[in-house]
Amino acid sequence: MNSVTNRKAFLCLFWIILFLFQNRLQQVYESFQYIDELFAALFIPVFVIWNLKKKECFERNSENGWFLFFLIIFWLSGWAGYFRYQYQPLSNTFKDSFVNLKFFMASGTAFLIFADDELDFDQMRDKLWPILNGITVILFVLCLLDLGFGIFSTGTRGGMRAVKLFYSAYTFLVSQCVCLSAVYLWFYKKKQKKIALFLCMLAFIMLSTRRAKAMGAVACILLVYLFVFHNRQKISKKVKILTIGVLGLAVAGGMYQLISYYYTMGVESARAVLTIAAPFIAIDHFPFGTGWGTYGSAFSADPYSPIYGMYRMAGVWGMSPNYHEFLTDTFWPMILGQCGYLGFAAFIVVLVLLKRKIFQLKPDKAVFASALVLLLYLLISSTSESAFANPMGVPMAFWLGLLFAEYKVNKKAGESRE
């Protein structure tokens, strides 16, 4: 194995493990909460280094140009809202604008790190395989021990113990399992059906959290596995029954969550209130919205955004000045409220272009499946958390960047052979 592959494999493992344990580490040392922001911020020096070396960073084509254009429109819309209304201090606006851009910056950082023509991705797979297997087995064993002996502090759902292991919230465990599942799909090209056992372990852990998004994640992984790798093969009756069962659970979980938060609880639900109010706020502040750090974001809590008082939301449980844990319970209302209809539309176009870039990976089934699972989960999680702006989004952005880097390296190698 050449030195470049050795070095990049070490870097990949380092960041995977750091992201995996970031939440636990920040419970002990608060400064670790900035690991995801640090990785995103690395985009700037890495980009500068690439330019100093006179390397071609990103392929110059119309699709990439439009992607950058609409991403800038989305970002500037939040700033336009700030300059027009100035509901929050500049520091809150700056922090929130960075947080909403960090997913794309983190993906760019990973792309620049791994888009190296000397990197052998197949050899890197061999390097990562045993270590990731060990991590997955440890998480699975901890899950079994927790279910059997209750070794971690947690709650119950539906009368059953809900596993979250050493994480501060269930969503952290689910998102990390999704990331690991995406990595295992990437291994399919070399390991074939050997990945199934580890995917099952991760699925068991996710379902043990008793969360609807976990059921949706497992359903997505199963469907991607079947339709990408076995779309031309006859699927057995047992597999069909399993697939229908998993899909049924996912749909039932999603419907239960929808009815519970948007109908049963009504105006007592922060998620429902944030969603219902967002279109009216965007109309009142047309076309740019209220600005970064003002609505549905972590930085709208301290200082407390005047928007919540203006629209009579300060009395809703989880949205008050003294207790605001549920302010970040959604993603799309945050974008619509803060960036207005212009920024919201621009972000939709960005995601459509991202989807197109992912579907360009289809010639390599393993790379395509790995990327597709991440995009699907991000869309699922965006209904109940600030998916693209929270710490869990950065590990997924990291892996997407690596996948795009592999595609570029392999494409360039293929062109040089022709």
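F98 and A40 get closest at one heavy-atom pair: CZ-CB, 4.1 Å. The two residues W50 and A115 make their nearest non-hydrogen contact at CH2-O, 3.3 Å. Residues L274 and F326 come closest through the heavy atom pair CD1-O, 3.8 Å.
Formation of a donor-acceptor pair under 3.5 Å by the T109 side chain with backbone atoms of F39 is found in this model. Side chain of S320 to backbone of Y323: a donor-acceptor contact under 3.5 angstrom is found. With E37 contributing its side chain and V99 its backbone, the two residues share no donor-acceptor pair below 3.5 Å.
A ring-centre distance under 6.0 Å is found for W66 and F69. Aromatic pair W129/F187: ring centres closer than 6.0 Å.
Exactly one residue among F67, F288, W292 makes a ring-ring contact (aromatic ring centres under 6.0 Å, His included) with F74. That residue is W292. The ring-ring contact (aromatic ring centres under 6.0 Å, His included) test with F347 is passed by exactly one of F103, F70, W75, F331: F331.
Here the side chains of L372 and L361 are not in contact, with every heavy-atom distance at 4.5 Å or above. Between L351 and L379 there is a side-chain heavy-atom pair separated by less than 4.5 Å.
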Side-chain donor-acceptor contacts of residues 162-182 below 3.5 Å, not counting sequence neighbours, with atom names and distances?
from, atom 1, to, atom 2, distance (Å)
Y167, OH, L20, O, 2.7
S168, OG, N23, OD1, 3.3
S168, OG, N23, ND2, 2.9
Y170, OH, T154, OG1, 2.9
Y170, OH, G155, N, 3.1
T171, OG1, K213, NZ, 3.4
T171, OG1, E385, OE1, 2.6
T171, OG1, E385, OE2, 3.4
S175, OG, T171, O, 3.1
S175, OG, F172, O, 3.0
Q176, NE2, F19, O, 2.8
S181, OG, C177, O, 2.8

Between Q88 and D96, is a side-chain hydrogen bond (donor to acceptor under 3.5 Å, both in side chains) present by the stated rule, with each step listed? CA-CA 11 Å; Q88 287 286 72; D96 199 37; over 6 Å; no

Is there a side-chain hydrogen bond (donor to acceptor under 3.5 Å, both in side chains) between S300 and Y87 once you walk through the steps? CA-CA 10 Å; S300 66; Y87 287 128; over 6 Å; no

Quick one, I358 with F404, criterion side-chain contact (heavy atoms from CB on, under 4.5 Å). Give me CA distance, side-chain angles, the key distance, then yes/no. CA-CA 8 Å; I358 288 174; F404 288 131; 3.9 Å; yes

Might you work through the ring-ring contact (aromatic ring centres under 6.0 Å, His included) test for Y188 and F229, ending with a clear yes or no? CA-CA 9 Å; Y188 186 85; F229 299 131; 3.8 Å; yes

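By the 6.0 Å contact criterion, NZ on K190 is enclosed, its count of non-hydrogen atoms from other residues, nucleotides or ligands being greater than 12.
Judged by distance alone, the side chains of W79 and T93 never bring a donor and an acceptor atom under 3.5 Å apart. Judged by distance alone, the side chains of H285 and Y295 never bring a donor and an acceptor atom under 3.5 Å apart.
Under a 4.0 Å N-O distance rule, the pair D36/K102 qualifies as a salt bridge.
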